[in-house]
Protein chains: 2
Amino acid sequence: MKRGTQTKRTTIYDLAELAGTSASAVSAVLSGNWKKRRISSQLAEKITRLAEEQGYALNMQASVLRRERSKIIGMLVPKYDNRYFGSIVEQFETRARERGLFPIITCTRRDPALEIEAARAMLSYQVDCLIATGATDPDRIADICSAAGVRTVNLDLPGSRVPSVISDNFGGALELTRRVLANSEREFGEKTPLLFVGGRGTDHNTSERVRGFRAAHAEAGVEVDEALVLTCGYAPEKAENAMKSLADKVGPLPRGMFVNSTISLEGVMRWIRRSGHYADRMPLLGCFDWDPFVAMLGDHIEMVRQDVPRMLDAVFEIIDSGASELKLIQIPPIVEQTG
Amino acid sequence: MKRGTQTKRTTIYDLAELAGTSASAVSAVLSGNWKKRRISSQLAEKITRLAEEQGYALNMQASVLRRERSKIIGMLVPKYDNRYFGSIVEQFETRARERGLFPIITCTRRDPALEIEAARAMLSYQVDCLIATGATDPDRIADICSAAGVRTVNLDLPGSRVPSVISDNFGGALELTRRVLANSEREFGEKTPLLFVGGRGTDHNTSERVRGFRAAHAEAGVEVDEALVLTCGYAPEKAENAMKSLADKVGPLPRGMFVNSTISLEGVMRWIRRSGHYADRMPLLGCFDWDPFVAMLGDHIEMVRQDVPRMLDAVFEIIDSGASELKLIQIPPIVEQTG
DNA sequence: CAATTCTGCTTCATCGATTGAGCAAGCGAG
DNA sequence: CTCGCTTGCTCAATCGATGAAGCAGAATTG
């Protein structure tokens, strides 16, 4: 009794006919509210069995079209090339599914135009809610969504229209810088100004981290060397090039550095290896973001790991509570212990 | 003239009324086939303008319900925690969008039950095609999909029902093992049996890689020590535990090893650091998979990098051509140059 | 026994977009 | 002037699921 090669899919009408009943009864049974609709348990059982036998699968398009809430939740994410965004996506999916929501994720590759296009696509698919992760223009996305009556939450980078969940970038950077400065004192007997490399000067996270970086210097009585703040972008090549041109300009290179993401660190490390600088002694490193292999790269690498589980808990708390007033939740990152 | 806080979304009926025309004309214009349907360009222009003004967004659920193809393409992926799967997902999204398809991805966390559930969810969302990446039971997924008339392609791990695109695991492992053995000869003056660690003994990739590992040994005239083939699973903890219990059992540890993924390498490296073994001299390493930081871990780490762009080209070639006869496409991985 | 309530269904409109069929006006040819 | 063709649209059915409203028949109540 198996259906031939890809005839039409089984629908509730097919099941209704097989069961000698109406589509409405089938729908009631399969959507689980047959008690409410006073369907006898015999019929319910029969329909359930038939559905099983026929390999029935609900047509979500039809279902969503009819219902007022789609139970689809969207997420925009810039990249999949590091642990931070990878775990954001994984945790997001898990939590969405726990709540009976269907997660759809789209990677926008840090491309502002693609971000907008992706947001529109999500709206077309009737998402109930959209999470904009690390968006270059979160407010634009929030506007588009609010016009369609769709709730938005910003993650990783804040906006000024809807709630945002981000790391405590200032606090994390402060602590990270402190540690690198402390290592500097331990190793070289003095605290010397560090290099800051990576990130976009215009984004909130980077500017907060630079602020933390400055604060730690101030607190240690070390003056920040402004030529050593290189907010050149996140991509490895950009970090590598920034290092290259820096080395051409300044004299002695700093003994330690604050690298503003693992992805920038990739470029920095590449430059170190290729250029032959620091050949005798590796610079003291601090990295804002965590990667298991980075931890193994040397003895003096400090890392702060953004607390993704807590960040996503906060995101879903906002979603579950239905709150949508503007607020900024800052989650302290975890300072990794290094030997 | 802005709509109040989340009234109903604008539909083609709203636009039709505003334009003093029919929904049918609006649909024709906005779906781009107004020439075919003989709509005057004045009307087309007017409708387009109105749609813009009103912030109209197509309701995909309705559209897909009516059409026979959804243009939605699904992908199941085991994890987002390494570069390999990360780039698979990113490349998949890009290629899907290039073709006007809407990609949806779900992470199954190497959980067979979740895999099936996710496949069913994809079917409910009317995907036209599903790519099962690294699935534990690809044939089960293929069966479920074929019952619904949905095409499937396996990626990374092959199945026996539908086309599969995988790396040339034998060839890659052969070359990788050769290199580690060569390093062994260079460093220690002799080729000694290597350790194989990571992966599931039951999966096709792992068994092919073990085969390549054996072949390289055979070719070098070195006998494989069967106690040194640890297919303990991929997770870092599993690799770590396998190393721990190996160290308790055997006497002198092997001088080099073949690690069957970056994720297993994470566990191996952790064990090396924690146990203090290899404290005097790091083992020679070969890793099947690439990671930028792993490359920087030491001087003697060989890696093969799976050729994700070519793999995805092959996947989409199959999809574009509509072929669905069983075949196995093996893409040679790239041997990374280390210095 | 009539009136009411309860049980277990069915009927039908609806969600928004798509598309085959059809219709009216205009225009050119005969 | 009339026939036929083109142009430019509209009508209405349809995709599959949902749920309010309604309707028989059985059970209960007064």
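Computed from heavy atoms alone, side chains included, the values below leave out hydrogens, waters and symmetry copies. Within every chain, numbering begins at 1; the chains are lettered A, B, ... in the order of the sequence lines, protein sequences first and strands thereafter.
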Looking at B:K71 and B:D128, is there a salt bridge between them, counting it only when a charged N and a carboxylate O are closer than 4.0 Å? no
Below 4.0 angstrom, N of the basic side chain to O of the carboxylate: do B:D203 and B:R200 qualify? yes
Nearest to side-chain heavy atoms of [X], which nucleotide of [options]:
{"X": "A:R66", "options": "C:dG16, C:dA17, D:dA17", "answer": "D:dA17"}
{"X": "A:S22", "options": "D:dC15, C:dT11, D:dA17", "answer": "C:dT11"}
{"X": "B:L65", "options": "D:dC9, D:dG16, D:dA17", "answer": "D:dG16"}
{"X": "A:A62", "options": "C:dA17, D:dA17, D:dC9", "answer": "D:dA17"}

Rounded to whole angstroms, how far apart are [atom1] on [X] and [atom2] on [N]?
{"X": "B:R37", "N": "C:dG22", "atom1": "CZ", "atom2": "C1'", "answer": "11 Å"}
{"X": "B:Y13", "N": "D:dC11", "atom1": "OH", "atom2": "P", "answer": "12 Å"}
{"X": "B:I12", "N": "C:dC15", "atom1": "CD1", "atom2": "C1'", "answer": "12 Å"}
{"X": "B:N59", "N": "D:dG16", "atom1": "CG", "atom2": "C1'", "answer": "14 Å"}
{"X": "A:L15", "N": "D:dG16", "atom1": "CG", "atom2": "C1'", "answer": "12 Å"}
{"X": "B:I47", "N": "D:dT10", "atom1": "CD1", "atom2": "C1'", "answer": "12 Å"}
{"X": "B:K36", "N": "C:dT18", "atom1": "NZ", "atom2": "P", "answer": "13 Å"}
{"X": "B:W34", "N": "D:dT7", "atom1": "CH2", "atom2": "P", "answer": "14 Å"}

Between B:S63 and B:R38, which is nearer to the 5' end of DNA chain C once each is assigned its nearest nucleotide? B:S63
Let me know, please, whether B:S24 or A:R67 comes out on the 5' side of the other along DNA chain C by nearest nucleotide. A:R67
Examine A:F102 together with B:Y125 and report whether their ring centres are nearer than 6.0 Å. yes
For residues B:Y80 and A:Y80, establish whether the separation of their ring centroids is below 6.0 Å. yes
Residue whose nearest DNA chain D nucleotide is more 5′ - B:G20 or A:A57: B:G20
Counting the atoms with a prime plus P, OP1 and OP2 as sugar-phosphate, which does B:L58 contact under 4.0 Å by heavy atoms, base, sugar-phosphate, or nothing? sugar-phosphate
Categorize B:T11 for me: base, sugar-phosphate, or nothing, with a 4.0 angstrom heavy-atom threshold over every strand shown. sugar-phosphate
For B:Y56 and C:dA17, is the shortest distance between a side-chain N/O and OP1 or OP2 below 4.0 Å? yes
Does a side-chain N or O from B:S27 land closer than 4.0 Å to OP1 or OP2 of C:dT19, or not? no
CA sep, side-chain torsions, deciding dist, call: B:T106, A:R97, side-chain contact (heavy atoms from CB on, under 4.5 Å): CA-CA 11 Å; B:T106 271; A:R97 258 192 279 275; 3.7 Å; yes
